[in-house]
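Notes for the one structure printed next.
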Amino acid sequence: MSYFKNISKIQYEGAGSDNALAFKHYNENEVVLGKTMKEHLRFAVAYWHTMTMNGSDPFGQGNMIRPWETVSGMDLAKARVEVNFEFLEKIGAPYFCFHDVDVAPEGATLKESNENLDVIIAKIKEGMNATGTKLLWNTANMFSNPRYVHGAATTNNADVFAYAAAQVKKGLETAVELGAENYVFWGGREGYESLLNTDMGLELDNLARFFHMAVDYAKEIGFTGQFLIEPKPKEPSKHQYDFDAATTISFLQKYGLDKHFKLNLEANHATLAGHTFEHELRVARLNNMLGSIDANQGDMLLGWDTDEFPTDIYAVTLAMYEILENGGIGAGGVNFDAKVRRTSFEPEDLFYAHIAGMDTFAKGLKVAGKMIEDKFFENLLNDRYASFKTGIGADIVSGKANFKTLEAYALENSHIVNKSNHLELLKARLNEYIYGNK
Ligand code: XLS
Ligand code: CA
Ligand code: CA
């Protein structure tokens, strides 16, 4: 049975193509800096936005026309698995990602929920085998159900902590069963509203205890994928503990978890934290913690987590630059944690949206590859910091200098000359790369 009868496999037709259902830049076999685009980008489709999201928002009900939404419960869950694999094959994405509750409905008890999952996971496994697609990551939704009102691993209620642990235990078993390459933790309600009623110390210690238990259990059952934490500063909590890359890294270091985790960084979460996406990627890369990305974009005029498909070539190019400088995304990938707008309610829009995102990343990859090949920015950086290569700068870097030797130097060299950054010139140069003139 086909759910997208009028759509065949999306092909690469090149930049001049007028075909809305064709790639203009994503040519999966094209080689950039020694690897194919497919190997660089490792695109994933997010089950929650593409298979289950129905267009509802705080002001309006679901309005998406989905021909497969004629059944409900487990029947709908099964239909969505079929839709997922047809979609992956047609769009040409090698990976997908899901939360437990995206794929199987929650039952009245934990046992019932796990039984529902078992049925659907078996069907997902069949789909993966039949199509050769893979699971980039799975995760547990520990924020939608009312039991998680005060958080999961950072709740004040130990019964909830236990339930959350059971849910992640099942998630890790699912990851092993499906050969997931990563397992994600996004702390949906792991934060607080008021310090007046919050024992922040206990909550953070418990969060670390939770992660250590996950690491131990993964080892016990032979899960060899990468653990990822996804920072986000707020929403739904007023203040979330995994605020941004730097906060999350210092938490992991404090609790001895840094060797077990990397970060899954999302563009929209970066901007909510008041950072550019490339800033978050740089912080992670410097700490060897760039694990995977959630590709999307926010809207600066709205200021919430709008999860739009990424079409901003400027931001995507700078993100791809960081990823290439990192030596690639490793076991991670580019997951479209992005949803079509409520006004884009037809099934074809799911294709248009992914084509837009995949083409933007493909173009960003090519541009960033060219920037690296040319070494223009690399040379500029070497030049800008040249004072640390010789003389007093080299002494600072090698550890030879101290306050006394530096004072002696400064006394002799009080006439200091700085150079202009020529920042506008650099930005114009970046534009030239993006326009394709370089
Ligand atoms: C929500 C998050 C979430 C995670 C997975 O803002 O982006 O979707 O990626 O739980
Ligand atoms: Ca995300
Ligand atoms: Ca988001």
Side-chain angles (χ1 to χ4, degrees), residues 43-53 57-58 95-103 106 135-145 148 151-154 164 167-168 170-172 174-175 180-191 207 210-211 214 225-245 248 261-275 277 280-281 284 290-300 302-310 312 315 319 329 332-341 353 357:
F43 285 128
V45 170
Y47 211 95
W48 54 103
H49 284 315
T50 294
M51 296 305 132
T52 62
M53 197 269 301
D57 69 14
Y95 290 98
F96 63 110
C97 300
F98 64 81
H99 302 82
D100 43 9
V101 307
D102 305 332
V103 295
E106 280 192 86
L135 183 58
L136 185 65
W137 51 262
N138 63 311
T139 184
N141 176 326
M142 300 186 290
F143 43 91
S144 296
N145 190 292
Y148 293 121
T154 64
Q167 216 180 317
V168 171
K170 183 69 180 170
L172 293 172
T174 302
E181 300 192 14
N182 302 269
Y183 186 88
V184 163
F185 290 94
W186 168 59
R189 293 184 195 273
E190 311 293 24
L207 185 58
F210 194 93
F211 288 143
Q226 174 68 52
F227 274 120
L228 299 171
I229 295 194
E230 181 178 329
K232 184 175 180 181
K234 57 189 168 192
E235 198 188 314
S237 303
K238 181 179 93 165
H239 184 115
Q240 298 202 177
Y241 290 130
D242 300 328
F243 192 93
D244 60 1
T248 307
F261 285 81
K262 288 192 175 182
L263 303 182
N264 179 40
L265 294 166
E266 178 178 315
N268 205 159
H269 297 181
T271 49
L272 286 178
H275 302 307
F277 192 29
E280 289 294 84
L281 295 170
L290 177 46
S292 195
I293 66 167
D294 271 7
N296 61 15
Q297 67 189 32
D299 184 325
M300 290 306 180
L302 293 176
W304 68 84
D305 194 18
T306 56
D307 287 347
E308 296 172 29
F309 272 84
D312 178 347
I329 197 78
V334 174
N335 170 44
F336 289 109
D337 189 356
K339 60 184 168 206
V340 287
R341 299 301 86 194

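Note that ligands are numbered from 1 as they come in the structure, with each ligand's atoms numbered from 1 the same way. Below, each value reflects all heavy atoms present in this structure, side chains not excepted, and no hydrogens, waters or symmetry copies.
Taking the six-membered ring for Trp, Tyr95 and Phe43 have ring centres at least 6.0 Å apart. Checked against a 6.0 Å centroid threshold, the rings of Tyr148 and Phe143 do not count as neighbours.
Nearest N, O or S atom of Asp305 to the Ca ion (ligand 3): atom OD2.
Looking from atom 5 (C) of ligand 1 to the surrounding protein, the closest heavy atom is His99 NE2, 3.2 Å. Nearest protein heavy-atom neighbour of atom 8 (O) of ligand 1: Asp337 OD2, 3.3 Å. Scanning the protein heavy atoms around atom 3 (C) of ligand 1, the nearest turns out to be Trp186 CE3, 3.6 Å.
With a heavy-atom cut-off of 4.0 Å, Asp294 touches ligand 1 through its side chain alone. Of all the heavy atoms of Asn141, none lies under 4.0 Å from any atom of ligand 1, so neither backbone nor side chain is involved.
Atom CD of Glu190 is separated from atom CD of Gln240 by 8.5 Å, given to the nearest 0.5 angstrom. The CD1 atom of Ile329 lies 9.0 Å from the CG atom of Leu136; values are rounded to the nearest 0.5 Å. The CD atom of Gln297 sits 10.5 Å away from atom CG of Asp307, with the distance rounded to the nearest 0.5 Å. Ser292 OG to Lys262 NZ: the interatomic distance, rounded to the nearest 0.5 Å, is 11.0 Å.
Look at Asp244 and Lys232 and you find no salt bridge, because none of the NZ, NE, NH1 or NH2 atoms lies under 4.0 Å from a carboxylate O.
Where the criterion is an N or O separation shorter than 3.5 Å, residue side chain and backbone included, Glu230 meets it with respect to ligand 1. Here's the thing with His269: one of its N/O atoms is less than 3.5 angstrom from an N/O atom of ligand 1. For the pair Asn264 and ligand 1, the shortest N or O to N or O distance does not fall below 3.5 Å.
Note: Phe211 and Phe185 have perpendicular aromatic rings, judged against thresholds of 30 and 60 degrees for the angle between ring planes. The aromatic rings of His99 and Trp48 sit perpendicular, their planes meeting at an angle over 60°, well past the 30° parallel limit. Between Phe243 and His239, the angle of the ring planes lies from 30° to 60°, which puts this pair in the tilted group.
When Leu265, Asn296, Asp312, Thr271 are each tested for a side-chain contact (heavy atoms from CB on, under 4.5 Å) with Phe277, only one passes: Leu265.
Here is the list of ligand 1 atoms found below 4.0 Å of a heavy atom in Trp48: 8 (O). Numbered from 1 in the order shown, with element, the atoms of ligand 1 that lie under 4.0 Å from a heavy atom of Asp305 read 6 (O). Short contacts between ligand 1 and Lys232, defined as distances under 4.0 Å to a heavy atom of the residue, involve ligand atoms 1 (C), 6 (O). For ligand 1, the atoms sitting less than 4.0 Å from at least one non-hydrogen atom of Glu266 are 7 (O), numbered in the order shown with element in parentheses.
Using a 4.0 Å cutoff on heavy atoms, Glu235 does not count as a contact of ligand 1.
Under a cut-off of 6.0 angstrom, the local environment of NZ in Lys234 is sparse, with at most 12 non-hydrogen atoms contributed by other residues, nucleotides or ligands.
Sorted by chain and number, the protein atoms of type N, O or S within less than 3.0 Å of the Ca ion (ligand 2) are Glu230 OE2, Glu266 OE1, Asp294 OD2, Asp337 OD2.
Asp294 and Asn264 form a side-chain donor-acceptor contact under 3.5 Å, judged by distance and modelled atom types alone.
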